[in-house]
Amino acid sequence: MNLKLLNALAQPPLTTNNDYKALVCVLLAGGNDSFNLLVPTESDEYAAYTATRSDLSLLEAQLLPISPLNTESRGFGIHPSMAGVQQLFSQGNLAFLANIGTLIEPIAGYSEYRSGIKKLPLGLYSHSDQIQHWQTSVPQSREAIGWGGRLADILMSTNANQRISMNISLSGRNVFQAGNMSLEYTISNQGNGAEGITPVSGYGNNGLLQRIRDQAVNNLLEDVYANIFQSTISSLTKDSIDAQKEFADAIAQVAPFNTTFSEHYLSKNMQMAAKVIAARERLGFSRQTFFMTFGGWDHHDEVLNNQLNMLGIVNNALNEFYQVLEELNVADKVTTFTISDFARTLTSNGRGSDHAWGGNQIVMGGAVQGQRILGQYPDLKLDNNPLNISGRGVMIPTTSTDSFFAEMALWFGVSPNDLVKILPNIGNFYTPGSATPPIGFLDI
Amino acid sequence: MQLFSIGLYELNLDGTRKLDAQGNFIPSYDNDDIGELAKIFTGFTWTDSPSFGSGARADTSYTRPMKIDNRYHEPGAKFLLNGQYAPNRNPVNGAADLEDAINNLFQHPNVGPFLAFRLIQRLVKSNPSPAYVARVASTFNDNGQGVRGDLKAIVKAILLDPEARDCALADDVVNGMLREPMVRYTQLARAFNAAADNSTRYQNRMESFYEKTQQRPLASPSVFNFFQPEFQPIGPIAEMDMFGPEFQISNSLTTIGYANEVYDWTFDEDLMEYGGIYPYEQRPAGTDVQLDLDTEYDLVQQGKIEELIERFNLILVHGKMTERTKTIIKDAVLEVPSNLLEYKMYLALFLTMISPDYLIMR
């Protein structure tokens, strides 16, 4: 660690403008009902959709039409609240991943699912398990280390800055960014992102008093503690204080954006992420990940009304973020993607929908070969559907989280040889080093 | 079942997981069990619901037991855990089915060790020995008078156990737990009898506390609470394969945020964020909450800084403050100009509250 720090200090910061990449993970916590995010519109398929989803169906006239380049005769529409996403898709800067989910190995259909031969993710339908597996991509166990953390363990040495983590969180501790050696740096969307210790005021002699206090704080935190809890809390606090000043100073120097952001915290989080990206050279970052959570998607009831509101919030945040990235001239250096616990049952419970498995996600960025629906969008009929494993309409995923993440990890700069260190199950879905990409939506 | 009674895996009395013949953990239930037990909960609605399926009438509906509407309760027998079942009742009786299901879970052998481990983590230490868990779990199983689940006896067993009482253990490097932010706040308020002249009709909004510590009572971000029992922060705790649940909400933002909350409570004498009960209510006079620090102020006035620090050590740190910490605080307080008596007192209190000696309860 110290050696690494010395090396980093010995080298001038990289010219990060030419070599910068960021991954932005947006967790829609609770399980987004994503078969209403992306809906088939070709007549037979739409009929199957309405027959299965009954009172949860969106009217065809409400759906925003899109023209995917790769689905031939199959037509699709997207949720009516997502006009910005529709536009980003049409401009080729956004794609959908269809029927993607947690898998240990491919499962061809219902008979394989029931056979007992294929390993299944632990805790299917359980929020805590599936939300964790989406962040670790190791669904055979309950891992504390996420794939973004493993990414940082391998790549953090490429950043000139070794004082602040490669992994920036706007939503506190999370599994995605937890590494064996790397810890996320948590910021807020307020002010300059990182708050310092309140300066002393109101007692006169403020300069002297502040020096005394800060020295004492420093002495307490720099002391050597044998107790493992004391040493953990003191070093965490000390590192936070040290990083804060450098971080906040760099953010303060970011010029105001022309792009305006909505009031919702998801948009404000995007705005702060953009500020950090804008400060990348000053801070000495060539690789970064960002993590933010937007929760409240567990719509066992009122799914239609809630989605109308909440997908609209996602739409605004994604749209504003893309706009500011273009303003900063880095749209092709930042890839943003959504994850969620699971999709929800295709059938209605009378008021909403319940926990399911495979679903649809969004990937956005200038580097993304957009206007495509990646993977296989499933047939939504309940009967004689080999992917459906429940009378409620639960789809076996046809694309694994591993394939999705591997594509982004390779783009981010992970070598094919290291891929298995980040995604231990990748070999079940893809041969690292092969001539073709895992899915094919980024230039790698 | 996952969070409040039996957990995901079958447990030994000492809280360790049972293993099957192949050496794998044994799940306590599977998806079929979830489906069966879900049937038990069909047909329940708000106690003040005018009709089945209508929403809660008021927030207070959440505080009252739900009522059963047997017309909407799944008929037939339901399988419970460990080979037991709720019988096919005719007429349908959802309340009786529920009673059967709760008894079934209550009698599950996991409950004792599951609860023992979690309660010890809240009350004493993050990493109890298996023997300690087993002693407390045994008390859950039988309080000595043949009664299962006597919570009073369990709390007594936890607090009076040698592993909680032995002072030599306190200096063990793996002993202790991080106090959670809410506990730090209430401890300060209670230790110094926080009170207002006028305490009628207002609420402590705590927005700032919540934002800065990421913790607010009854508002955890998910059903998994603010932190999970087996969270391992990076560093020596994880390296020794130990747990530190409360570290899950300790990060670059909340560690500094907490220090700034302490700044507000001490130097700024701002312990409470006023909120009226009704919108646009004027703040009544005398609702400022104050700590009673008269004794401490007297000590500063008499120049008894060491005694002041000892008092904070006794009241807040349970006598576990090291000489090194005392010296750091004393040196800082002595350097403050002598006319700033109140500042000296608050500085000692602030430094105590953010010191690792205080933050880690041992």
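By convention in this document, chain letters (A, B, ...) are assigned in the order of the sequence lines, proteins followed by strands, and residues within each chain are numbered from 1.
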What heavy-atom pair brings [X] and [Y] nearest, and what distance separates the two atoms?
X: Gly193(A); Y: Leu253(B); value: O-CD1, 3.8 Å
X: Ile234(B); Y: Gly179(A); value: CD1-O, 3.2 Å
X: Leu236(A); Y: Asn251(B); value: CD2-N, 4.1 Å
X: Ser240(A); Y: Thr255(B); value: OG-OG1, 3.3 Å

Side chains of [X] and [Y] in contact at under 4.5 Å (non-hydrogen atoms):
X: Leu209(A); Y: Pro337(B); value: yes
X: Arg142(A); Y: Glu230(B); value: no
X: Gln214(B); Y: Arg173(A); value: no
X: Pro236(B); Y: Thr232(A); value: yes
X: Thr254(B); Y: Thr186(A); value: no
X: Tyr125(A); Y: Ile34(B); value: no

Please classify the contact between [X] and chain B as side chain, backbone, both or neither, with a heavy-atom cut-off of under 4.5 Å.
X: Ala216(A); answer: both
X: Tyr185(A); answer: both
X: Asp298(A); answer: neither
X: Ala226(A); answer: both
X: Asn219(A); answer: both
X: Ile187(A); answer: backbone
X: Leu124(A); answer: both
X: Ser128(A); answer: both
X: Glu195(A); answer: both
X: Thr293(A); answer: neither

Could you look at [X] and say if it's the side chain, the backbone, both or neither that has a heavy atom under 4.5 Å from chain A?
X: Leu3(B); value: neither
X: Gln232(B); value: neither
X: Asn127(B); value: side chain
X: Leu347(B); value: side chain
X: Phe243(B); value: backbone
X: Phe350(B); value: side chain
X: Phe231(B); value: side chain
X: Leu351(B); value: both

#### Entry: Phe52(B) CZ: over 12 foreign heavy atoms closer than 6.0 Å
yes

### Query
Would the number of heavy atoms belonging to other residues, nucleotides or ligands and lying under 6.0 Å from CZ of Phe224(B) be above 12?
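Correct, the count exceeds 12.
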
### Task
Determine yes or no for a side-chain-to-main-chain donor-acceptor pair under 3.5 angstrom, with Asn260(B) supplying the side chain and Gly196(A) the backbone.
yes

### Task
Look up atom OG in Ser252(B) and atom CG in Leu183(A), then write down how far apart they are to the nearest 0.5 Å.
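Between Ser252(B) OG and Leu183(A) CG, I get 7.5 Å after rounding to 0.5 Å.
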
### Task
Mind checking the CZ-CD1 spacing from Arg179(B) to Ile233(A)? Nearest 0.5 Å is all I need.
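If I round to the nearest 0.5 Å, the distance is 12.5 Å.
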
Would you mind telling me which of [options] has the largest number of heavy-atom pairs within less than 4.5 Å of chain A?
options: Met242(B), Lys212(B), Glu239(B); result: Lys212(B)
options: Ser250(B), Gly235(B), Pro221(B), Pro27(B); result: Ser250(B)
options: Asp171(B), Ile354(B), Asn31(B), Asp30(B); result: Asn31(B)

### Query
Asn227(A), Val200(A), Ile145(A), Leu122(A): which one forms the most heavy-atom pairs within less than 4.5 Å of chain B?
Asn227(A)

### Task
For chain B, find which of Ser201(A), Gly202(A), Ser234(A) contributes the most heavy-atom pairs closer than 4.5 angstrom.
Ser201(A)

### Task
Could you give me the CA-CA distance, side-chain angles and deciding distance for Leu359(B) and Phe229(A), then say whether side-chain contact (heavy atoms from CB on, under 4.5 Å) is met?
CA-CA 9 Å; Leu359(B) 293 173; Phe229(A) 297 96; over 6 Å; no

### Query
Going through the checks in order, is the side-chain contact (heavy atoms from CB on, under 4.5 Å) test met by Asp357(B) and Gln230(A)?
CA-CA 7 Å; Asp357(B) 284 349; Gln230(A) 291 188 324; 3.0 Å; yes

#### Entry: Full working for side-chain contact (heavy atoms from CB on, under 4.5 Å) between Tyr343(B) and Asn205(A)
CA-CA 11 Å; Tyr343(B) 188 88; Asn205(A) 299 298; over 6 Å; no

### Query
Could you name the residues of residues 262-269 of chain B that have a heavy atom within less than 4.5 Å of a heavy atom in chain A?
Tyr263(B), Phe267(B)

